[in-house]
Amino acid sequence: MGLGALLLGVGTIGLRAAAQPGEQVIKILARKFTYSPNKLTLKKGVPVVLELTTADVLMGFSAPDFDVRADIIPGQVARVRLVPDKTGTFGFLCDIFCGSGHETMNGTITVVA
Ligand SMILES: [Cu+2]
């Protein structure tokens, strides 16, 4: 299986990641070239669902330390379920080129015990 198929598979899972009752939902708005909020604090072992939308163009969301990513398509809500399995501070970033400034589009996930 190529990398493309792998990414597609992850994206498909992400789209189906509806929140279960009681799960925390965090809404994140992407726009050139920031996420709002861009700093998340999560608890280890506590699942959250990120609901990602974009205010302008197609964006990506990638948190490689947690093996999650999604395409954020204009007019749609991308959902990513994340269960932090380690403590520390980790980066997330836009992995779809969205213009000059794309390289600076990122944020952090801090996971506490
Ligand atoms: Cu980008």
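It should be emphasised that the depicted structure is a prediction, and the values quoted were computed from it without experimental measurement. One-based numbering, in listed order, for ligands and for the atoms of each.
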For this session: Starting from the C-alpha separation in whole Å, work towards a yes-or-no answer on side chain to side chain contact (heavy atoms under 4.5 Å, CB included) for L50 and L40.
Result: CA-CA 10 Å; L50 308 180; L40 309 180; 4.1 Å; yes
Problem set entry | Within less than 2.8 Å of the Cu ion (ligand 1): protein N, O or S atom count | 4
For this session: Look at the aromatic rings of F61 and Y35 and report parallel, tilted or perpendicular, splitting at 30° and 60°.
Result: perpendicular
Exercise. Is any NZ, NE, NH1 or NH2 atom of the basic residue among D67 and R69 found under 4.0 Å from an Asp or Glu carboxylate oxygen of the other?
Worked result: no
Exercise. Quick one: does I28's side chain get under 4.5 Å of S36's, heavy atoms only?
Worked result: no
With a cut-off of 3.5 Å and sequence neighbours excluded, list every side-chain donor-acceptor pair involving residues 96-113.
{"residue": "H102", "atom": "ND1", "partner": "I96", "partner atom": "O", "Å": "3.1"}
{"residue": "E103", "atom": "OE1", "partner": "G101", "partner atom": "N", "Å": "3.4"}
{"residue": "T104", "atom": "OG1", "partner": "G101", "partner atom": "O", "Å": "2.7"}
{"residue": "T110", "atom": "OG1", "partner": "T89", "partner atom": "OG1", "Å": "3.3"}

For this session: Determine, using the 4.5 Å side-chain heavy-atom cutoff (strictly less than), whether L93 and F90 are members of one ILVMFWY cluster.
Result: no
